[in-house]
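In this chain, residues are counted from 1 in sequence order. Since we're looking at a predicted model, the values are computed, not measured.
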Amino acid sequence: MRTARMSIPFLVRQRRGLLVAATAFGALALAACSPIKLLDRLTPSDTYAAETGIDYGSAPRQQLDVYRPLPGTLPAEGARPLIVFFYGGTWTHGDRASFRFVGEALASRGAVVVIPDYRLSPQVTYPVFVQDSARAMKWGLDNAARLGADPKQVYVMGHSSGGYNAAMLALDPRWLGAVGASPKQLAGWIGLAGAYDFLPMGDPDAQRAFNWPNTPRDSQPIAHASAASPRALLMAASKDTLVDPVRNTGQMASKLRAAGVEVETREFDNLSHVTLIGAVAKPIRWIGGPVLPPVLDFVGLSADAEKSAQRPSIQSLNHSP
């Protein structure tokens, strides 16, 4: 009886602790998607295997981390999807280690995940961060089989400004072409609150990153949407105040569909720009979404457990341009 009486307060304290973590994730995020260390501390470390600090270039920030499923995890070696994920931060801040929660969420469910750093503004400006992203993507394509993934099931994914990087690799063949690869090698691309059409720009960080007002129109992913695009999964928060979901996600989806590209869209009424990516994390996944199941479905992994655990409102994003 004593144990039973103590268990209820413990569960309450545990739930409150997770609520604090969720609140902190939203409240402490300083910009587009600035990560926090608290979330990393709450993320499991025994659900995947990791290789960290792998060079894909010679610059200090040209490094990446790899998250792999544990032995015996389905799909089997050689049949797993590989996902290269680019974090956001207005092209001015962010580091791969702080997005371990994304690696854990996907690797623990059977994907091989690559999370690169890339050079940031003001040290560099457009298109250097896109070029770095292309080099990291090429590394993923070249090493997919060695890492136990299917080279024909390679995806690029990003959130916010990282969604921009992902979109440019998927839509504009100049960048992968420059490193001896092609968007045709991608099985699809995934954008979470991606920035696809933001000229003219008012954010000072973005202005520096893109040399505003001397920003070329072809720096915008929306300019490259065409029938050649890989299939896409585009997600956004309906009340996003940082990246307009109608102008960016809605218009990108409309343009791709008009070109005959297969596009799946999800809009979340109960998430913000920041918690859209935060809801992927296991410790605070209950705060809204569900965000992870559509990603798992898109890359061919089972999402049944996630779907049964969470059923908040989701509606299709069908805004007109």
Side-chain angles (χ1 to χ4, degrees), residues 25 32-37 39-45 47-57 59-70 80-120 129-144 146-149 153-170 186 188-194 274 276-283 291-292 295-296 298-299 301:
F25 186 83
C33 54
S34 182
I36 61 171
K37 302 300 181 184
L39 187 57
D40 181 69
R41 294 193 192 105
L42 294 171
T43 298
S45 59
T47 55
Y48 60 88
E51 300 174 60
T52 61
I54 301 170
D55 293 333
Y56 69 86
R61 284 191 60 87
Q62 291 177 327
Q63 291 190 332
L64 54 82
D65 295 341
V66 176
Y67 299 83
R68 300 173 67 180
L70 295 175
R80 295 166 175 164
L82 183 143
I83 303 170
V84 179
F85 173 78
F86 294 99
Y87 55 79
T90 325
W91 305 278
T92 64
H93 62 274
D95 65 273
R96 66 187 190 277
S98 296
F99 288 83
R100 184 173 67 91
F101 70 90
V102 176
E104 189 280 334
L106 296 169
S108 64
R109 285 157 183 80
V112 177
V113 186
V114 176
I115 303 184
D117 278 335
Y118 49 93
R119 285 175 286 179
L120 300 171
F129 38 81
V130 182
Q131 293 168 336
D132 281 0
S133 298
R135 294 186 69 172
M137 192 75 234
K138 176 66 159 55
W139 187 96
L141 289 164
D142 289 347
N143 288 276
R146 180 183 68 80
L147 295 172
Q153 292 297 315
V154 177
Y155 300 83
V156 62
M157 173 180 174
H159 172 245
S160 193
S161 54
Y164 167 92
N165 294 8
M168 288 297 277
L169 300 187
L186 302 179
W189 68 284
I190 304 165
L192 286 76
V274 174
L276 181 68
I277 187 62
V280 170
K282 185 173 184 178
V291 175
L292 190 57
V295 176
L296 297 177
F298 187 76
V299 302
L301 297 175

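At a threshold of 4.5 Å between non-hydrogen side-chain atoms, the residues I190 and V299 count as touching. Looking only at side-chain heavy atoms (C-beta outward), W139 and I54 come within less than 4.5 Å of each other. At least one side-chain heavy atom of M137 sits less than 4.5 Å from a side-chain heavy atom of V154. Contact of the L106 side chain with the Y67 side chain is not registered, since no non-hydrogen atoms from C-beta on lie closer than 4.5 Å. In this structure the side chain of H159 never reaches within 4.5 angstrom of the side chain of V102, judged on heavy atoms. The side-chain heavy atoms of F85 and R96, taken from C-beta on, include no pair separated by under 4.5 Å. Counting heavy atoms from C-beta on, the side chains of E51 and R68 come closer than 4.5 Å. Between L301 and P81, some side-chain heavy-atom pair lies under the 4.5 Å cut-off.
Checked by atom type and distance alone, the side chain of R109 pairs as donor or acceptor with a backbone atom of A105 at under 3.5 Å. With hydrogens and angles disregarded, a donor-acceptor distance shorter than 3.5 Å links the side chain of S161 to the backbone of T90. Of the possible donor and acceptor atoms, one in the side chain of R100 sits under 3.5 Å from a partner among the backbone N and O of T43. No donor-acceptor pair under 3.5 Å is formed between the side chain of D65 and the backbone N or O of V114. No donor-acceptor pair under 3.5 Å is formed between the side chain of R80 and the backbone N or O of A144. Looking at D95, its side chain does come within 3.5 Å of a backbone N or O of S98 through a donor-acceptor pair.
Across all their heavy atoms, L186 and A170 have their closest contact at CD1-CA, 4.0 Å. Minimum heavy-atom separation, G94 to R61: O-NH2, 3.1 Å. When all heavy atoms are compared, the tightest approach of A279 to V291 is CB-CG2, 4.0 Å. Scanning all heavy atoms of the two residues, the minimum distance from G88 to S160 falls at CA-CB, 4.3 Å. Minimum heavy-atom separation, P116 to V84: CG-CG1, 4.0 Å. Looking at every heavy atom in both residues, G103 comes nearest to I115 through N-CD1, 3.8 Å.
A search for ring pair (Phe, Tyr, Trp, His ring centres under 6.0 Å) contacts involving F86 returns nothing, not counting sequence neighbours. Every ring pair (Phe, Tyr, Trp, His ring centres under 6.0 Å) that F298 has, sequence neighbours left out, goes to Y155.
Aromatic ring centres of Y56 and Y118: separated by at least 6.0 Å.
Distance check, rounded to the nearest 0.5 Å: NZ of K282 to CD of E104 gives 6.0 Å. Of the inter-residue distances, the one linking L120 atom CG with D132 atom CG reads 9.0 Å to the nearest 0.5 angstrom. Rounding to the nearest 0.5 Å gives a distance of 5.0 Å between CG of L192 and CD1 of I277.
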Discussion item. Run the side-chain contact (heavy atoms from CB on, under 4.5 Å) test on L42 and F101 for me, step by step, so that the C-alpha distance in whole Å, both residues' side-chain angles and the decisive distance to 0.1 Å come before the verdict.
Written reply: CA-CA 9 Å; L42 294 171; F101 70 90; over 6 Å; no
Worksheet entry | Trace of the side-chain hydrogen bond (donor to acceptor under 3.5 Å, both in side chains) decision for Y87 with D117 | CA-CA 8 Å; Y87 55 79; D117 278 335; 2.5 Å; yes
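With respect to V66, the side chain to side chain contact (heavy atoms under 4.5 Å, CB included) criterion is satisfied by exactly one of L147, T52, V113: L147.
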